[in-house]
Number of protein chains: 2
Amino acid sequence: MKPQGKKKATIYDLSVLSGCSASTVSAVLNGTWRKRRIKESTAELIQSLAEQHQYTANLQARGLRNSRSGLVGLLLPVHDNRYFSSMAQTFEAQVRSHGKCPVVVSASRDPQEELATVETLISYSIDELFIAGATDPDSVHGLCEAAGIRHINIDLPGTKAPSVISDNYQGARLLTQAIIKRFDDAEAPLRPQELFLFGGRNDHASRERIKGFRDIKTELLGHDSDDCIQPTGYSPGMTQKAFEAFYEREGKLPRGLFINSSINFEGLLRFMAQHPHETFADIVVGCYDYDPFGSFLPFPVIMIRQDTESMLAKAFELIEETRPAVKIHLIQPELVHPRTALKGPLDSIRDIDA
Amino acid sequence: MKPQGKKKATIYDLSVLSGCSASTVSAVLNGTWRKRRIKESTAELIQSLAEQHQYTANLQARGLRNSRSGLVGLLLPVHDNRYFSSMAQTFEAQVRSHGKCPVVVSASRDPQEELATVETLISYSIDELFIAGATDPDSVHGLCEAAGIRHINIDLPGTKAPSVISDNYQGARLLTQAIIKRFDDAEAPLRPQELFLFGGRNDHASRERIKGFRDIKTELLGHDSDDCIQPTGYSPGMTQKAFEAFYEREGKLPRGLFINSSINFEGLLRFMAQHPHETFADIVVGCYDYDPFGSFLPFPVIMIRQDTESMLAKAFELIEETRPAVKIHLIQPELVHPRTALKGPLDSIRDIDA
DNA sequence: CTTTTTTGCACAATCGATGGTGCAAATAAT
DNA sequence: ATTATTTGCACCATCGATTGTGCAAAAAAG
């Protein structure tokens, strides 16, 4: 029928048109009509009217009534890096496959903003919340708990709700080992003071990665000292400064670099922009995060791809449970060798014309 | 006060607690109380009660009543590439600064999914919609129009709503010119059959870019033939195949490559993974999209950074207008030379501990 | 000490959908 | 033909917030 002037049709409009009551219309349109013993012919009539008038339910009204909204939220620290944006992509696909509506929001790794954002989501009667990389997962838990909203931590664990995170310790060991191995047939063997870790802050992920780094480094190279760890926060700018400072001091970069995340890796890019190719002639970089372009830089870049699909799948599984245990589920990440272009969530979406 | 057992406080709860009517409570808490001549002391009482009981308005109820929700939507084709994810990031910042709540969803460049997603958003009484990179902006317009929702196209233009897009023609000229210039002091000059365009499909952006590419190429190199244009859709897999096919046929890659988007660039990465460094020894790549890691690949990569901030700013400006003209606003993109690490939206978020 | 004006707030309808309850008509059982 | 069931649906309260309207009490004007 015509695209209507302005206002959307409601069950009351259809009620008038069909001669049935609004409750009948409602039942027909939300599928509960068999349970309510509505005649099949009545249902058909109403359905065809609904179609003609392009009826779609007002989800705010429905949500108000059932205090559910059909929305499932993903709280992200930031959008614009490959780790989180590909998480968003898989999240959307999984939520849709459950027949719900995904909502992705970021809170800039700011505890205040995290809480404010979650409050807003709760006010919209969001049904479930996936909390990824929150600085303060337990406070967020507090809000969800009070509102009776199922929630789960991803990427960074909390102590009050179940968490699904990648096995940072193991991943860091893998990555560090791979970096070291790269020097196996170098003319000069890698010395402990030549292998540094840059980036991260005092969060669970960083701590675990640092532990893994130090453990395997000590195992393989015999020694590790505190000054080989340079936490810079999750900021490209600070990371760049750290590299500049190091370079100023030492006249060169460490031969082996463990970079805590792709965001920190961008700090290295900024440093690179200021220095000639030779500066990077024989370095090996390991980055705890995968970025397809990062994998093809002019020096060997070994990366860790966190398995966001498995993490989210596990998270969905747990969030469905009635009383999930408050424990941390570790998902194994994957080591990605230099010059590797992995497939991603985009590969599963069809592209029409070529 | 205590975090409450389960249910959130409503104006009715506060109404009882304060001895005032619900309408008074409502007025106090939504700021209209002066207009309603509520005594200041009453307002203070209610506000303090609200704080004690951690009252937050049920936004679904409010939205139902005003048929507005405070939500502003951004419809994206996909999340996981730097162009769209950084668009999401700036979008969120801008929406928040307007006191609204951002909602970002992707629709996989699938016209069906686009419409379904927008219908859902409309059912939540979203206030405004930014339609980015939609395959079928005009159908989306239809839905918004019928629902009386302000909307605007970004990145890909429609014919029925105002659009803000980057100047693809001009950008493509810039980029192509920069590619050609790179060969100025090469031993062998670049011949027209050595400069190819890969990627894109039959959308407005691709068409404009192809036009810009061909125009300047003809101007500078004297000739351009149809087979130098290889549209592959927006899919890494298809793009890879196109490169493989070309390589199979010609035994090498073109010396000059114009790649239509970072998504297509990922197709080149996949190709690269299959071939040794030498294959890329003297190629020059121009990519219509900026990715910081892409900028540092082992061969010269010239990129175009689309100015998402300006695009969104302009879009916000237009969407506020009562009757914005249905026209296309062009935003100039920026040429980014190889080995450049630009700042992005992440730089404006503070990082607490270093 | 009236009359007018202002102040301060309560009432009740409304937004659209849902679901428990009740009840008449149709059908089946006796 | 009478009672018991089943069928098919209407009625109405409800979710929480908003807002136009109305009306006492208090203050000001006379």
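Proteins get letters first, then strands, A, B, ... in listed order; numbering begins at 1 in each. As the structure is a prediction and not an experimental result, all values here were calculated from the model.
- Rounding to whole angstrom units, CZ of residue B/Arg68 and C1' of C/dG16 are separated by 17 Å.
- Across the protein-nucleic acid pair, A/Arg65 atom CZ and C/dG20 atom P stand 9 Å apart, rounded to whole Å.
- Contact of the A/Val118 side chain with the A/Ile122 side chain is registered, since non-hydrogen atoms from C-beta on lie closer than 4.5 Å.
- One finds the CD1 atom of A/Ile131 at 12.0 Å from the OG1 atom of A/Thr117 (value rounded to the nearest 0.5 Å).
- Contact annotation: side chain of B/Ser23 to base of C/dC11, donor-acceptor pair present below 3.5 Å.
- The distance between atom CZ of A/Arg62 and atom C1' of C/dG16, rounded to the nearest whole Å, is 10 Å.
- Between the CG atom of A/Leu76 and the CD atom of B/Glu92 there is a distance of 8.5 Å, given to the nearest 0.5 Å.
- The one candidate from B/Lys100, B/Arg150, B/Arg68 that meets the side-chain hydrogen bond (donor to acceptor under 3.5 Å, both in side chains) condition with B/Glu128 is B/Arg150.
- Ring pair B/His79/A/His79 is parallel by interplanar angle, where below 30° counts as parallel and above 60° as perpendicular.
- Here A/Ser26 does not reach the OP1 or OP2 of C/dA17: none of its side-chain N or O atoms lies under 4.0 Å away.
- The interatomic distance linking A/Ile11 (CD1) with D/dT14 (C1') rounds to 13 Å, in whole Å.
- Comparing C/dG19, D/dG16, C/dT7 by their closest approach to the side chain of B/Asn58 singles out D/dG16.
- Across the protein-nucleic acid pair, A/Glu44 atom CD and D/dG8 atom C1' stand 15 Å apart, rounded to whole Å.
- Atom OH of B/Tyr12 is separated from atom P of D/dA13 by 15 Å (rounded to the nearest Å).
- Contact annotation for B/Thr32: no contact, since no heavy-atom pair falls under 4.0 Å across all strands.
- Map B/Ala61 and B/Ser21 each onto its nearest nucleotide of DNA chain C; the residue landing nearer the 5' end is B/Ser21.
- Whole-Å rounding puts the B/Ile38 CD1 to C/dC11 P distance at 13 Å.
- For a distance-only test at 3.5 Å, the side chain of A/Thr10 fails to qualify as a donor-acceptor partner of the base of C/dC15.
- Along DNA chain D, the nucleotide nearest B/Gln60 and the nucleotide nearest B/Ala27 are compared for position; the residue whose nucleotide lies closer to the 5' end is B/Gln60.
- For B/Asn30, a side-chain nitrogen or oxygen approaches OP1 or OP2 of D/dT18 to under 4.0 Å.
- One donor-acceptor pair, N or O on each side, does fall under 3.5 Å between the base of C/dG19 and the side chain of A/Arg36.
- As a whole-Å value, the separation of B/Leu59 CG from C/dC15 C1' is 15 Å.
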